[in-house]
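Quick note: numbers below take in every heavy atom, side chains included, and nothing from hydrogens, waters or symmetry partners.
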Amino acid sequence: VFCQAGQIAIPKTYQMLFSYLEPCVHEARAHRPGGVFHPKVWAMRYVADDAPPRYRVLCSSRNLTFDRSWDTLLLLDGEAGGRVSKNNEPLSRFIQALPALASRRPARAVTAAINELADDISRVEFELPDHIDDIRFWPMGLPGRMEWPFPEQADRGVVISPFLTGKTLERLNITAEPTLISRIDSLAALKPDVLTGYEIFTLSDVPDLEVEESAEDKALPETEANLNGLHAKLFAFDVEGRGHVWTGSANATEAAFHNNVEFMVEMRGQSRHMGVDAILAPQQKGVSVLRDLLEPFAPGADAGDAGQQLVDRALMSLRLYVVGLE
């Protein structure tokens, strides 16, 4: 497990078993100034005596926390083949780069195990989800140049991101009908002219959706049992009849694409199945869709306590700086 240095939460109650986790958790840092280690990726190998190994990769916007916000999660399964896959090279390179990002170098055995998994992943033939005919892996923030994963121009587009910067929104260059879904405080902090042309939404405070109750939900206080707040990061563009959808850790911010270590997966298919219309499907009776969660936003709306937000961000920057001095 690799995580941002200084961002391990203290457990509410002590358990002796937690001490066994110490050798497994490695604090990591971005190598660019001001950046953070921000990816949310799982890479796993399952073995059995009577079957070949199976591999699973998860690319998520969710951290390893009990946060109850709305997130995205992409699941890919597959088995290793004989040849190295060119498409898998960025994912394999990302896994192999992890030990070098750690604040303290992991033990040789850990690094060797990571390198072995990276080599295996390079040969995996992933089973593509329905309506997806191609996937691309996009690690960002590793040593070398920062790659821009999006097309230079898109016919239509939808951006879902809790945090925003004006420069990144302008660089997306969506020709027509751009849609933006974010948090009220992030939208209100932008200059109104940056949002010109966008159809803008925020999440409803109380989503009217049925959520299956699990044993974990029953153990939570009533106020924490439902999903609340936006944490998903998703970019979808229609380009000449093709749908391109990215999901993962990157917000629509300068930090995400210039300073941080991030990871996203791009999925490609016909736009009618996975483009803008598929994501922003019209509301239907008896069927829950994304639009059921959305409320229109008008630029100039109240952002709440902007001063407190600035203080929170300053404290976070100080915390990361102090950890970096260790």
Side-chain angles (χ1 to χ4, degrees), residues 7 36 38 40 60-63 65-73 150 156-172 174 177-209 211 220-237 245-257 260 262 264 276 279-283 288-317:
Q7 288 294 92
V36 297
H38 199 242
K40 298 94 170 62
S60 176
S61 64
R62 179 173 288 277
N63 294 296
T65 69
F66 291 109
D67 184 48
R68 302 296 297 173
S69 57
W70 290 93
D71 278 285
T72 58
L73 175 66
F150 308 124
R156 302 174 63 200
V158 56
V159 177
I160 302 175
S161 176
F163 302 105
L164 308 165
T165 58
K167 287 185 178 180
T168 301
L169 292 179
E170 291 170 352
R171 189 179 178 188
L172 292 175
I174 303 169
E177 302 180 48
T179 301
L180 179 60
I181 301 170
S182 187
R183 294 178 176 178
I184 291 177
D185 57 337
S186 296
L187 292 165
L190 294 176
K191 295 179 180 179
D193 61 328
V194 173
L195 301 175
T196 301
Y198 275 97
E199 185 178 17
I200 308 172
F201 298 94
T202 61
L203 287 188
S204 304
D205 290 335
V206 185
D208 187 19
L209 289 180
V211 180
L220 291 171
E222 184 176 352
T223 56
E224 298 179 19
N226 295 318
L227 296 176
N228 187 32
L230 177 68
H231 194 250
K233 292 92 170 161
L234 187 143
F235 301 80
F237 301 106
V245 178
W246 287 259
T247 189
S249 65
N251 288 289
T253 63
E254 293 293 286
F257 296 101
N260 296 350
E262 308 274 4
M264 302 192 81
V276 174
I279 293 173
L280 298 177
Q283 291 175 296
S288 296
V289 296
L290 178 60
R291 283 193 181 271
D292 294 323
L293 301 176
L294 304 180
E295 291 183 351
F297 173 87
D302 182 18
D305 190 351
Q308 184 60 49
Q309 296 169 33
L310 291 174
V311 170
D312 291 342
R313 291 174 185 173
L315 288 173
M316 178 57 69
S317 298

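Evaluated for a side-chain contact (heavy atoms from CB on, under 4.5 Å) with Ile279, the options Thr179, Leu290, Val289, Ile181 yield exactly one hit, Leu290.
For His231, the side chain to side chain donor-acceptor pair (under 3.5 Å) partners two or more places apart in sequence, or in a different chain, are Asp71, Lys233. Remark: Ala232 pairs with Ser61, Thr72, Ile160, Leu230 by the side-chain contact (heavy atoms from CB on, under 4.5 Å) rule, at least two apart or across chains. A search for side chain to side chain donor-acceptor pair (under 3.5 Å) contacts involving Thr168 returns Thr165, Glu254, not counting sequence neighbours. Ser60 pairs by the side-chain contact (heavy atoms from CB on, under 4.5 Å) definition with Lys40, Arg62, Leu73, not counting sequence neighbours. Checked against side-chain contact (heavy atoms from CB on, under 4.5 Å), Ser182 has the following partners two or more places apart in sequence or in another chain: Leu164, Ser186, Leu187.
The shortest heavy-atom contact between Asp292 and Ser288 is OD2-CA, 3.3 Å.
Inter-residue side-chain proximity for Pro162 and Asn251 is flagged as met; some heavy-atom pair is nearer than 4.5 Å.
The distance from atom CZ of Phe150 to atom CZ of Phe237, rounded to the nearest 0.5 Å, is 5.5 Å. In this structure, CG in Leu293 is found 5.0 Å from CH2 in Trp70, a value given to the nearest 0.5 Å.
Remark: the backbone N or O of Ala256 is not paired with any side-chain donor or acceptor of His38 at under 3.5 angstrom.
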Give the table of side-chain donor-acceptor pairs shorter than 3.5 Å for residues 188-202, with sequence neighbours excluded, one pair per line with atom names and distance.
from: Thr196; atom 1: OG1; to: Asp193; atom 2: O; distance (Å): 3.1
from: Tyr198; atom 1: OH; to: Leu169; atom 2: O; distance (Å): 3.4

